[in-house]
Amino acid sequence: QVQLVESGGGLVQAGDSLRLSCTASGRTFRSYNMGWFRQTPGKEREFVAAISRGGGTTYYADSVKGRFTISRDNAKNTVYLQMNSLKPEDTAVYSCAASGRVAVPTTQSVYDYWGQGTQVTVSS
């Protein structure tokens with residue numbers, strides 16, 4: 001079992017930056033590929049970014065490519081999402097997830113563990 005806790009969300013203005021953190025406890029963090037997803041009311045949860053176990057491979061949704069950066073610190077059991085040049089359409093609840101799959105997944109259905117999420121609100 002893996003427990004995931006996100007932090008770092010908040011209310012910012014368009015163009016600002018935020019860094020989300022997701023800290024894991026339980027089984028070995030470095031055994032999992034990690035992902036960030038986001039969801040707004042009435043919409044399905046969408047993929048944002050993912051990172052491999054060692055951090056050498058990353059994937060991004062087209063909507064955040066060039067603005068968001070995913071990284072991880074296995075010594076701290078933490079994955080980060082640095083969000084720059086935020087836009088109002090980035091407003092959502094952001095959740096991190098852990099996957100034990102061999103390949104780095106970008107589909108939510110193959111993630112095994114989820115955090116509760118942290119709210120990010122970007123005002124125009």
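Since this is a predicted model, take the numbers as computed values, not measurements.
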Will you find, in the side chains of Thr121 and Thr91, an N or O donor that is under 3.5 Å from an N or O acceptor? no

What distance separates [X] [atom1] from [Y] [atom2], expressed to the nearest 0.5 Å?
| X | Y | atom1 | atom2 | value |
| --- | --- | --- | --- | --- |
| Phe68 | Leu18 | CZ | CG | 9.0 Å |
| Asn33 | Thr58 | CG | OG1 | 12.0 Å |
| Trp36 | Phe47 | CH2 | CZ | 13.0 Å |
| Gln1 | Asp112 | CD | CG | 10.0 Å |
| Cys96 | Met34 | SG | CE | 5.0 Å |
| Tyr32 | Ser99 | OH | OG | 9.0 Å |

Indicate if [X] and [Y] have the same hydrophobic cluster label, given that clusters are the connected sets of ILVMFWY residues with side-chain heavy-atom separations under 4.5 angstrom.
| X | Y | value |
| --- | --- | --- |
| Val2 | Val79 | yes |
| Ile51 | Tyr94 | yes |
| Leu20 | Val64 | yes |
| Val120 | Tyr80 | no |

What residues, two or more places apart in sequence or in another chain, satisfy ring pair (Phe, Tyr, Trp, His ring centres under 6.0 Å) together with Tyr59? none

[X] versus [Y], closest heavy-atom pair with distance:
| X | Y | result |
| --- | --- | --- |
| Ala98 | Leu4 | N-CD1, 3.8 Å |
| Val110 | Pro105 | CG2-CB, 3.1 Å |
| Ala49 | Leu81 | CB-CD1, 4.2 Å |
| Gly117 | Val93 | CA-CG1, 3.9 Å |
| Thr78 | Ser21 | CG2-CB, 4.2 Å |

Looking at [X] and [Y], would you say the former's side chain and the latter's main chain have a donor-acceptor pair under 3.5 Å?
| X | Y | answer |
| --- | --- | --- |
| Ser123 | Ala14 | no |
| Gln116 | Val5 | no |
| Arg53 | Val104 | no |

Enclosure of Gln119 CD (heavy-atom neighbours >12, cutoff 6.0 Å):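 Yes - once you tally the heavy atoms of other residues, nucleotides and ligands closer than 6.0 Å, there are more than 12.
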
For Phe37 and Trp114, I'd like to know if the aromatic rings sit close, meaning centre-to-centre distance below 6.0 Å. yes

List the steps, then state whether side chain to side chain contact (heavy atoms under 4.5 Å, CB included) holds for Ser63 with Arg38. CA-CA 12 Å; Ser63 58; Arg38 66 187 182 186; 3.5 Å; yes

Give the C-alpha distance, both sets of side-chain angles, the deciding distance and a yes or no for side chain to side chain contact (heavy atoms under 4.5 Å, CB included) between Asp16 and Val122. CA-CA 8 Å; Asp16 285 350; Val122 185; over 6 Å; no

Write out all pairs satisfying side-chain hydrogen bond (donor to acceptor under 3.5 Å, both in side chains) with one or both partners inside residues 64-76, taking only residues at least two apart or from two chains. Asp62-Lys65, Arg67-Asp90, Arg72-Asn74

Do any side-chain atoms of residues 82-89 form donor-acceptor pairs under 3.5 angstrom with protein atoms, and if so which ones, sequence neighbours left out?
from  : atom 1 : to    : atom 2 : distance (Å)
Gln82 : NE2    : Asn84 : OD1    : 2.9
Asn84 : OD1    : Ser17 : OG     : 2.9

